[in-house]
Every structure is written in C-alpha cells, then in structure tokens.
Protein chains: 2
Amino acid sequence: MRASVAITVSGLKTACSQCNLVELCLPFGMPDSELSRLDELVGARRKVKRQQNLYRAGDTFEAIYAIRAGSFKTDVLLEDGRDQVTGFQMTGEILGLDGISTETHSCNAVALEDSEVCVIPYAKLEQLSHEVEGLQHQFHKVMSREIVRDHGVMMLLGSMRAEERLAAFLLNMSQRFTARGFSAAEFHLRMTREEIGSYLGLKLETVSRAFSRFQEEGLIAVQQKHIRLLDTAGLRKLIQHQTAGSGR
Amino acid sequence: MRASVAITVSGLKTACSQCNLVELCLPFGMPDSELSRLDELVGARRKVKRQQNLYRAGDTFEAIYAIRAGSFKTDVLLEDGRDQVTGFQMTGEILGLDGISTETHSCNAVALEDSEVCVIPYAKLEQLSHEVEGLQHQFHKVMSREIVRDHGVMMLLGSMRAEERLAAFLLNMSQRFTARGFSAAEFHLRMTREEIGSYLGLKLETVSRAFSRFQEEGLIAVQQKHIRLLDTAGLRKLIQHQTAGSGR
DNA sequence: CGTATCCTTGATTCGCTTCAACATTAGTGG
DNA sequence: CCACTAATGTTGAAGCGAATCAAGGATACG
C-alpha cells in the first residue's frame with residue numbers, strides 16, 4: 001500500500017474521462033466533449049474491504065456509487081432475521097439507487113472482495129444533470145435498467161425451478177464477465193453457495209446439488225468457486241423448456 | 001358516455017394542478033407555484049378497456065403513464081410461454097419506466113378494469129425536468145421507489161412461504177387502498193386468483209387454499225374477489241415469524 | 001498446523017404442485 | 001329474461017421437488 005487509508009480515501013482525484021470503465025458505467029454513450037464535465041461528478045474514491053459495508057439499510061442517502069474495482073452484493077433484511085440477497089454488482093455498475101426514494105438506504109451493500117467505488121454525491125448529480133446534455137437521460141437509463149433487471153429476477157424466483165435458476169444465474173454471470181473483457185466460459189465466483197442460494201431463493205444445499213448435477217451432465221466444470229461453462233447451449237436449453245410439450 | 005371514443009381519447013385537456021391524485025402521483029410534494037407548469041406535461045389522456053394492453057413488450061418507448069382511474073397489471077413473458085405478473089398498479093402510480101433503458105418496453109401492461117391514464121411523453125418530461133425545479137428529483141424518487149418495491153417482491157418470492165406471501169399481499173393492498181381514501185379493511189380485488197398466484201410465485205389452487213385457510217382462522221372474510229380483513233395484526237404476525245424460535 | 005468456514009452428499013420430511021372433479025359466477029345470444 | 005357456455009374459484013388426493021437434518025470432507029486463513 002502506498003499511502004495511509006485516510007489519504008487514499010479522500011485524496012485521489014478521479015476522472016471519468018480517463019476511466020476504462022466508461023463503456024459500462026454511468027457515462028456510457030455520452031460524447032467525449034461532455035465527458036470531461038463528468039469529472040466534476042466524482043467527489044472521491046472509496047475503498048471497501050471484503051465483507052465491509054459500503055452502506056447499510058437505514059443509512060442516510062447522500063451519494064450513489066460506481067464500482068471501480070471489485071464486486072458487491074446487496075441484501076435486504078426482514079425483522080425476523082431472514083434476509084435475501086437482491087443482487088450482485090460488478091465493475092461499472094451503480095449502487096445506491098434504492099436510497100433516493102426515501103432519502104434512506106433500504107438495503108445493505110457489502111463488498112465481496114476488496115473493492116473500490118467512485119462516490120457520486122447525489123446533489124451534484126442532480127445539479128450537473130441540468131447542465132450537461134445527456135447526463136440526465138443516461139442516469140434514467142441506469143435506473144430503468146435496474147428495474148428491468150429486477151423484473152427478470154422476479155421471473156426467475158416466481159416461475160423457474162432450482163436448476164433453471166442456477167443455469168440462468170451462470171449465463172448471466174458469463175455475459176457480464178464477457179462485457180468486461182473476461183472469458184465467457186471460465187470465471188471465478190466471488191460469492192458463497194449460501195449467497196447464491198439466497199439470491200436465487202434456494203438453500204445452499206440445493207445450489208450445491210445443482211452444481212454437481214450440471215457437472216455430471218457435462219454442462220459445467222466446478223472446482224469450488226471456479227466455474228467453467230462447457231455447454232452453454234445446454235444451459236440455455238435447460239432454462240427454456242422446463243415443462244416443454246405440456247401445453248399448459 | 002358523453003363523447004365518442006376518438007374525441008375522448010385525444011381531446012380532453014388535462015391539468016395536474018387540478019387533479020385530485022396529486023398527493024400520490026408524480027407531482028407529489030411539489031410546490032403549488034410549480035404545479036401549474038406540470039400541466040404542460042400531460043399530452044393527452046387515454047382510455048384503456050379491461051383486458052386491453054396499454055403497451056406490450058417490444059413496443060417502442062415514447063411515454064410513461066400515470067394512472068388516472070382504474071388499475072393495471074404488468075407481466076413479462078418467457079419464450080417458452082411461461083409468464084409472470086411483476087406488479088399491480090393503482091391510481092396515481094406510474095407505468096412504463098421499464099422502457100427507458102432500451103427505448104423498448106420490456107413488459108406488458110394490461111388494464112384490470114376499464115381505466116384511464118395520463119400520457120406523459122418522455123421527451124417532454126426530460127425537457128421540463130431541466131426547467132422546473134424539483135421535477136427531476138420527484139421523478140427519480142418514483143423510479144427509486146419502484147426499485148425498492150421490486151426488492152420487496154424479491155424478498156417475498158425468495159424467502160416467504162405461501163401463506164406469508166398472501167398475507168403480505170393483502171396487507172400491501174390494504175395499505176394502498178387506504179392511501180387512496182378507501183377502506184383499509186374491506187376492498188375488491190380486480191385480479192384473478194391466477195394473477196395473484198403468478199405475482200406471488202404460486203399456483204392458483206394454492207392461493208385459493210390460503211384464502212380459505214385465512215377465512216377458517218378468522219383472519220379475513222372472502223367472498224370471491226371481495227375481501228374483508230378481520231385481523232390485520234394476525235396477518236402481520238403471520239409474516240414475521242414463520243420459523244420463529246428456530247434460531248437459524 | 002490447527003481451526004473456522006465453506007462445500008458436498010445422503011436420508012427424510014414437508015409444502016406446494018399437479019391432476020381431477022365440481023361449484024359458482026359472469027358473459028352471451030336466443 | 002332465461003338458457004347456455006365459458007371463465008373463474010373451490011376442494012380433495014396423490015406426487016414431486018426443495019427444505020431440513022445430519023455427517024463428513026475440502027479449503028482458506030491466521
């Protein structure tokens with residue numbers, strides 16, 4: 001480490017215009033001419049160690065966060081202790097949108113590995129949206145994408161069986177790794193079986209069994225958290241016709 | 001009916017500033033001085049008959065819609081024919097936010113009864129957001145609220161049992177009816193058992209059985225779609241401690 | 001190198017689905 | 001207005017998929 005935590009957190013000046021995540025992140029699709037103006041947007045970067053919270057449910061909402069490095073999970077808690085992972089987030093994705101509605105975060109964001117985020121003060125975002133052409137629209141798109149994504153998860157939770165859910169999950173991860181320039185067929189999951197299960201509405205044993213079954217069937221190769229997709233077409237087929245031919 | 005359909009659809013001039021739904025809808029919380037400017041926002045009203053689509057998945061996105069009267073459901077379809085209801089919407093709620101992300105709607109919006117919506121052209125909303133103080137923030141809140149709501153449904157689908165889901169659904173409906181000035185304890189559901197089931201990730205038989213069980217236990221009185229909540233505290237308790245005391 | 005965490009696998013139980021029959025309501029046309 | 005029909009809702013019995021309970025094994029971490 002080259003500097004103390006205090007300095008690292010607040011000191012680094014950041015620049016969207018020079019960030020290699022521009023293709024994935026909030027500025028996506030904005031003309032270069034406008035890009036430099038976005039550099040004002042990011043107040044600071046913040047490092048979050050593995051297992052640490054970026055924010056917690058109940059925290060006052062002040063900023064949204066763009067993941068610069070690493071990955072996160074978000075989860076919601078019920079009074080009785082049950083909790084549910086609502087999403088896994090990767091580089092370039094935006095965290096904290098849930099907080100706008102009540103000025104208070106409604107879920108927890110936890111780093112799955114040592115990570116770094118760009119802090120985007122919401123007030124500054126609102127202000128700059130008035131000045132920079134296209135920023136507002138881009139932000140709306142990000143929020144809308146989140147809504148669409150959530151609908152997909154609802155679909156998954158509401159009408160898919162265990163193995164279909166896991167297949168959909170793996171294909172989704174693969175696609176997101178691909179978009180980040182990593183291999184589509186081989187990747188490392190940062191979350192535990194229990195977290196995957198929580199996200200998919202399954203128990204960890206069920207996730208583990210499904211992994212084993214996929215391996216037996218030659219669809220994937222599993223070695224703990226390291227996954228190799230051997231037959232993506234097979235996985236895709238698995239999702240599509242659960243009750244094929246039933247006509248129901 | 002006082003006019004032909006064609007005239008009714010396109011002719012009526014609308015005014016947020018005079019709408020009694022202002023407390024629930026997009027303009028909520030905006031000062032009166034700004035309210036009149038929102039009147040520009042609504043291009044026209046559109047009537048949608050029961051069972052008709054307001055929009056379909058795949059339609060080009062052009063506008064969002066505020067429900068002026070009636071109610072809707074939104075659902076997504078999988079290629080293999082399976083579908084899932086992702087939400088039920090009431091007066092004052094906004095439809096169509098899913099379309100911003102790809103310029104194409106990703107779900108279907110269907111009227112559960114003869115309904116009417118205010119058409120808010122998205123381009124006009126973006127433009128006016130630059131001019132009218134607070135509108136942008138208000139719109140962000142609406143989108144954020146949708147995200148938080150979706151997380152709640154994910155929680156429900158991922159970690160609640162059948163009766164808990166239905167109890168949560170009934171309490172949610174009650175709360176929303178209350179917010180609209182209707183009775184909290186007695187209301188008429190506009191959707192079928194199958195639609196409720198789809199929303200809750202259950203089969204219609206399971207929904208029906210849960211209704212019957214609630215009635216046996218004196219929690220509610222059911223007469224087809226007419227529901228009376230007799231013991232809301234009991235319903236609430238049902239949600240909270242499913243596996244209470246298990247310590248797991 | 002020891003310990004906590006995470007993962008796998010088996011046996012059993014339980015809740016929801018499926019299949020089926022029937023009841024009720026709503027909608028339609030004679 | 002009533003008869004007919006389709007849509008919707010209820011209830012029962014049987015089957016199945018995932019949860020639960022339980023034990024052992026692999027891996028990461030200090």
Side-chain angles (χ1 to χ4, degrees), chain A residues 49-51 73 82 84-85 110 112-114 156-167 169 188-217 220-227 238 242-248, chain B residues 49-51 73 82 84-85 110 112-114 156-167 169 188-217 220-227 238 242-248:
Chain A
K49 281 214 179 297
R50 186 175 129 85
Q51 303 279 35
K73 70 169 178 182
R82 277 182 286 182
Q84 164 101 11
V85 172
V110 182
L112 294 175
E113 59 193 306
D114 292 358
L156 182 144
L157 291 171
S159 50
M160 286 188 180
R161 317 233 250 83
E163 294 191 357
E164 299 178 289
R165 296 185 199 183
L166 189 65
F169 170 74
H188 196 83
L189 297 175
R190 310 317 302 217
M191 65 295 283
T192 66
R193 300 286 190 265
E194 185 167 24
E195 286 164 335
I196 296 171
S198 174
Y199 179 61
L200 299 177
L202 303 170
K203 292 292 150 184
L204 67 100
E205 294 96 327
T206 307
V207 174
S208 182
R209 272 185 252 271
F211 269 126
S212 300
R213 179 86 77 89
F214 285 176
Q215 183 153 252
E216 279 168 32
E217 289 168 358
I220 65 175
V222 190
Q223 198 168 25
Q224 298 292 124
K225 289 178 166 156
H226 193 83
I227 308 286
L238 222 161
Q242 163 201 31
T243 1
S246 88
R248 239 304 189 82
Chain B
K49 282 213 180 297
R50 186 175 127 85
Q51 302 279 35
K73 68 168 177 182
R82 277 181 287 181
Q84 165 101 12
V85 172
V110 183
L112 294 175
E113 58 193 307
D114 292 357
L156 182 146
L157 291 171
S159 49
M160 286 188 180
R161 315 230 254 84
E163 295 192 357
E164 299 179 289
R165 295 185 199 184
L166 190 65
F169 170 74
H188 196 84
L189 298 175
R190 314 310 308 214
M191 65 294 285
T192 66
R193 299 288 189 265
E194 184 167 23
E195 286 164 334
I196 296 172
S198 174
Y199 179 62
L200 299 178
L202 302 169
K203 292 292 149 185
L204 66 100
E205 295 96 327
T206 307
V207 174
S208 183
R209 273 184 252 270
F211 269 126
S212 300
R213 180 85 78 89
F214 285 176
Q215 182 153 251
E216 280 168 31
E217 289 168 356
I220 65 175
V222 190
Q223 197 167 26
Q224 299 292 125
K225 288 178 165 154
H226 193 84
I227 308 286
L238 222 161
Q242 162 202 32
T243 0
S246 88
R248 240 300 188 90

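Keep in mind that what you see is a predicted model, and the values were worked out from it rather than measured. Chain naming here is simple, since letters A, B, ... match the order of the sequence lines and numbering starts at 1 in each.
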Over all strands shown, is B/G197 touching base, sugar-phosphate only, or nothing at heavy-atom distances under 4.0 angstrom?
nothing
Take atom CG of A/L202 and atom P of C/dC16, then tell me their distance rounded to the nearest Å.
15 Å
Could you tell me which residues satisfy side chain to side chain contact (heavy atoms under 4.5 Å, CB included) with B/T192, sequence neighbours excluded, listed by chain and number?
B/E194, B/E195, B/K225
Reading nucleotides 4-14 of chain D from the 5' end, what letters show protein touch, with B for base, S for backbone sugar-phosphate only, - for no heavy atom under 4.0 Å?
-----SBBBB-
Whole-Å distance, A/R213 CZ to D/dA18 C1', equals 12 Å
Check whether B/R193 reaches the backbone of B/Q224 with its side chain - one donor and one acceptor, N or O, closer than 3.5 Å.
yes
Applying ring-ring contact (aromatic ring centres under 6.0 Å, His included), can you list everything that pairs with B/Y199, at least two apart in sequence or on another chain?
B/F88
What is the distance from CG of A/L166 to P of D/dG17, rounded to the nearest Å?
17 Å
Given pairs defined as Watson-Crick or G-U wobble with both distances under 3.5 Å, what dot-bracket annotation applies to DNA chain D, with ( ) intrastrand, [ ] crossing, | other strand and . unpaired?
||||||||||||||||||||||||||||||
Considering non-hydrogen atoms only, spot the tightest contact between A/A210 and A/E163 and give its length.
CB-CG, 4.3 Å
If I take atom CG in residue B/L157 and atom P in nucleotide D/dA18, what distance separates them, rounded to the nearest angstrom?
15 Å
Given A/I196, which partner from the list A/V85, A/L166, A/L204 fulfils the side chain to side chain contact (heavy atoms under 4.5 Å, CB included) test?
A/L166
Separation of C/dG15 P from B/L238 CG (nearest whole Å):
13 Å
Whether B/R165 side chain and B/M160 backbone form a donor-acceptor pair below 3.5 Å:
yes
Rounded off to whole Å, could you give me the CD1-to-P distance for the A/I196 and C/dC6 pair?
12 Å
Under the side-chain hydrogen bond (donor to acceptor under 3.5 Å, both in side chains) test, which residues partner B/H226, sequence neighbours left out?
B/E186
Tell me: NZ of A/K203 to P of C/dC6, nearest whole Å?
16 Å
Would you check if the side chain of B/D114 reaches a backbone N or O of B/R50 as a donor-acceptor pair within less than 3.5 Å?
yes
Over how many whole Å does the gap from A/E113 atom CD to D/dA28 atom P extend?
15 Å
Among C/dC16, D/dA18, C/dT17, which nucleotide has an atom closest to any side-chain atom of B/R161?
C/dC16
Tell me, please, which residues at least two apart from A/R190 pass side chain to side chain contact (heavy atoms under 4.5 Å, CB included).
A/S71, A/L112, A/E113, A/H188
